[in-house]
Amino acid sequence: WATEVDISEVVQIVATVASRPLLVIGSGGSVTACHLIAKLQSEYARQPVRVLTPFEFSLQPPDGISSVLLLSAGGSNRDILGTASKAVSESYESVCAMVARTASPLRRLLEEHSHTLHAGFDVPFGKDGFLALNSLLATSVLASRAYASVFGTPWRPPTLDGLGQR
């Protein structure tokens with residue numbers, strides 16, 4: 001599924017954030033995907049990037065030049081909604097979100113503002129558990145595909161070939 005689903009919304013987000021410093025924000029299982037996106041942004045776009053939790057972001061003054069990317073499995077947690085509200089009301093260049101649900105409170109909040117983008121997708125492999133592993137894997141693959149697409153490099157699905165060999 002993640003290797004074939006339409007990624008045009010994610011590509012639009014990557015193309016938007018690639019030219020500026022980036023703050024990637026998530027909590028729980030999403031923090032792992034935040035770190036992957038930070039690595040992709042650093043390697044592909046060669047832009048400064050920081051991974052923050054919603055709490056860390058709440059303590060940070062706006063810098064006027066960065067874009068914000070919010071990651072969430074469901075887009076309904078109080079912390080990510082509060083973070084989105086803060087980000088859209090401050091001087092960030094763009095506020096974007098990747099959410100493993102097409103319809104969410106986060107999407108509705110962002111749609112009220114002109115400098116926002118949202119990529120929502122429904123994972124077909126069942127409800128996430130506590131760590132949101134299905135959403136984490138889907139977000140990671142879709143983000144990897146989108147960065148490769150924006151920067152014109154081939155993307156290949158990861159394999160387990162050679163795993164455990166010395």
Side-chain angles (χ1 to χ4, degrees), residues 2-75 77 79-80 82-84 86-88 90-100 106-107 110 113 115-121 123 128 131-163:
T3 62
E4 298 172 6
V5 69
D6 176 36
I7 59 167
S8 58
E9 289 180 333
V10 184
V11 166
Q12 186 178 10
I13 287 173
V14 170
T16 298
V17 303
S19 63
R20 300 192 160 273
L22 181 63
L23 303 175
V24 189
I25 303 163
S27 58
S30 294
V31 172
T32 301
C34 289
H35 283 283
L36 173 66
I37 289 174
K39 181 172 176 45
L40 294 169
Q41 178 79 357
S42 176
E43 289 184 5
Y44 280 103
R46 303 280 188 219
Q47 290 290 333
V49 59
R50 288 182 55 206
V51 172
L52 300 167
T53 65
F55 178 71
E56 291 168 326
F57 181 73
S58 74
L59 301 175
Q60 176 165 316
D63 62 20
I65 60 169
S66 294
S67 290
V68 171
L69 177 56
L70 308 166
L71 301 185
S72 178
N77 268 347
D79 60 351
I80 205 69
T83 299
K86 178 184 186 310
V88 298
E90 294 180 344
S91 60
Y92 291 99
E93 183 64 24
S94 58
V95 179
C96 306
M98 286 182 65
V99 181
L106 182 54
R107 175 176 221 128
L110 293 181
H113 302 275
H115 65 297
T116 65
L117 292 171
H118 181 280
F121 48 91
V123 293
D128 271 324
L131 294 178
L133 292 178
N134 293 333
S135 299
L136 169 62
L137 181 58
T139 300
S140 298
V141 172
L142 299 184
S144 298
R145 287 180 56 206
Y147 270 91
S149 174
V150 167
F151 288 91
T153 61
W155 181 85
R156 290 177 189 81
T159 68
L160 298 178
D161 295 344
L163 188 66

Which residues satisfy the side chain to side chain contact (heavy atoms under 4.5 Å, CB included) test with Leu52, sequence neighbours excluded? Leu23, Ile25, Arg50, Glu56, Phe57, Gln60
Pairing residues for Cys96 by the side chain to side chain contact (heavy atoms under 4.5 Å, CB included) criterion, not counting sequence neighbours: Ile13, Val17, Leu69, Ser94, Leu117
Atom of [X], atom of [Y] and distance for their closest heavy-atom approach:
X: Lys86; Y: Ser58; answer: CE-O, 3.5 Å
X: Ala119; Y: Val10; answer: CB-CG2, 3.7 Å
X: Leu106; Y: Ala84; answer: CD1-CB, 3.4 Å
X: Ala97; Y: Leu110; answer: CB-CD1, 3.5 Å
X: Asp79; Y: Ser27; answer: OD2-OG, 2.9 Å
X: Ala15; Y: Val150; answer: N-CG2, 3.9 Å

Got a sec, which residues hit salt bridge (Lys or Arg N to Asp or Glu O under 4.0 Å) with Arg107, two or more places apart in sequence or on another chain? Glu9, Glu111
Excluding sequence neighbours, so at least two apart, what forms salt bridge (Lys or Arg N to Asp or Glu O under 4.0 Å) with Glu43? Lys39
Answer whether the closest heavy-atom distance between the side chains of Tyr44 and Val14 falls below 4.5 Å.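 No, side chains not in contact.
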I'd like to check Gln47 versus Leu22 (side-chain heavy atoms, cut-off strictly below 4.5 Å). Are they in contact? no
[atom1] of [X] to [atom2] of [Y]: how many Å apart, nearest 0.5 Å?
X: Ser72; Y: His118; atom1: OG; atom2: NE2; result: 8.5 Å
X: Thr32; Y: Ile37; atom1: OG1; atom2: CD1; result: 11.5 Å
X: Tyr92; Y: Ile65; atom1: OH; atom2: CD1; result: 10.5 Å
X: Thr16; Y: His115; atom1: OG1; atom2: NE2; result: 12.5 Å
X: Asn77; Y: Thr83; atom1: CG; atom2: OG1; result: 10.0 Å
X: Ser140; Y: Met98; atom1: OG; atom2: CE; result: 8.0 Å

Which word best sums up how the rings of Tyr147 and Phe151 line up, parallel for under 30°, tilted for 30 to 60°, or perpendicular for over 60°? parallel
Any chance you could lay out the side-chain contact (heavy atoms from CB on, under 4.5 Å) test for Ser30 and Thr139, step after step, and finish with the verdict? CA-CA 9 Å; Ser30 294; Thr139 300; over 6 Å; no
Main-chain N/O of [Y] paired to [X] side chain as donor or acceptor, under 3.5 Å:
X: Ser42; Y: Ala38; answer: no
X: Arg145; Y: Val5; answer: yes
X: Asp6; Y: Ser8; answer: yes

Please report the C-alpha distance between Val99 and Phe121 in whole Å, then the side-chain angles of each, then the deciding distance to 0.1 Å, and finally whether the side-chain contact (heavy atoms from CB on, under 4.5 Å) criterion is met. CA-CA 7 Å; Val99 181; Phe121 48 91; over 6 Å; no
Tell me every residue that passes ring pair (Phe, Tyr, Trp, His ring centres under 6.0 Å) with Phe55, counting only those two or more places apart in sequence or in another chain. none
Can you tell me which residue pairs pass the salt bridge (charged side-chain N to carboxylate O under 4.0 Å, His left out) test with a partner in residues 14-35, sequence neighbours excluded? Arg20-Glu93
